[in-house]
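In what follows, a single structure is set out as structure tokens and then discussed.
Here is how names work: the chains are called A, B, and so on, in the same order as the sequence lines, proteins then strands, and each is numbered from 1. Keep in mind that this is a model prediction, so the values were computed, not measured. Any value given below was found using the heavy atoms of this structure, including those in side chains, with hydrogens, waters and symmetry copies removed.
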Amino acid sequence: MNKDLYENDKGLWPYFVEQNELRKEVIKENCLPNAIRFVAGVDVAYNEGEQRMIGGIVVLQKDTLEVVEESYHEMDITFPYVPGLFSFREVPPIVQAYHDLKIKPDVIVCDGHGIAHPKGVGMATHLGVKLDVPTIGCAKKRLVGVWAKEELEARRGSAVPLYSEEKIVGNVLRT
DNA sequence: GCGACAG
DNA sequence: ATCTTGTCGC
Ligand SMILES: [Mg+2]
């Protein structure tokens, strides 16, 4: 999978277009059921040499955090890592893994941003729209937005709102 | 033109 | 993300 092949010219244009389509279907309101029974976490691992990747989803019982099911799906890497278009790289294998699940989670925690994205369509958002399942974007680094660093305390658990374009798009949490 | 830039 | 090397602490 050649990165330049996409980077050059307008190779990425169609994806930005699709991103705009997805944006129309985003639901920002809290649609979680009154009783959350299962939560899931997803991630993707890579084998650059083999140009293969494997997406995984693990479902746990919400109250006990006991793992009740897991599903994985391996496939060829077909999209480069491009900040802003990250979802097009990791969503495919996760969607496949999700469909093999017998126990569907009420919410999915993702390893990447949700609406804290230039267009409001990060990986978690993209996945949520694609599966029509509530998702939570949980990234380890900033993509967009600003926050009051002076107000973020040194103790673990401290959190302050993340702002992007005048709006709160998430929280910055000290782990 | 120069930095920023999820995983 | 992945790899590799070195150090730290339990
Ligand atoms: Mg990850």
Once you round it to whole Å, what is the distance between [atom2] of [N] and [atom1] of [X]?
| X | N | atom1 | atom2 | answer |
| --- | --- | --- | --- | --- |
| A:H117 | B:dA6 | NE2 | P | 11 Å |
| A:R89 | C:dT2 | CZ | C1' | 11 Å |
| A:H113 | C:dA1 | NE2 | P | 13 Å |
| A:I54 | B:dG7 | CD1 | C1' | 16 Å |
| A:E50 | C:dA1 | CD | P | 20 Å |
| A:F86 | B:dC5 | CZ | C1' | 13 Å |
| A:D43 | C:dA1 | CG | P | 6 Å |

Under the criterion of centre distance below 5.5 Å and interplanar angle below 30°, is A:Y81 classified as stacked on the base of B:dG7?
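Stack criterion met.
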Over 12 foreign heavy atoms within 6.0 Å of CZ, A:R37:
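At most 12 heavy atoms, drawn from other residues, nucleotides or ligands, come within 6.0 Å of this atom.
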For the side chain of A:R142, counting heavy atoms from C-beta on, which of B:dG7, B:dA4, B:dA6 is nearest?
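Selected nucleotide (nearest to the side chain): B:dA4.
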Among C:dT2, B:dC5, B:dG7, find the nucleotide with the atom closest to the side chain of A:A45.
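Nearest to the side chain of A:A45 among the choices is C:dT2.
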Against A:F88, only a single residue in A:F16, A:Y15, A:Y81 fulfils ring-ring contact (aromatic ring centres under 6.0 Å, His included); can you say which?
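So the option named by the test is A:Y15.
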Using a cut-off of strictly less than 4.0 Å, decide whether A:K140 has a side-chain nitrogen or oxygen near OP1 or OP2 of B:dG7.
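Yes, such a contact exists.
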Answer yes or no: is there an ion pair linking A:D111 with A:K140, defined by an N-O contact shorter than 4.0 Å?
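Salt bridge between A:D111 and A:K140, a charged N being under 4.0 Å from a carboxylate O: yes.
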Exercise: do A:Y72 and A:E74 side chains pair donor with acceptor under 3.5 Å
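A:E74 and A:Y72 do not have a side-chain donor-acceptor pair below 3.5 Å.
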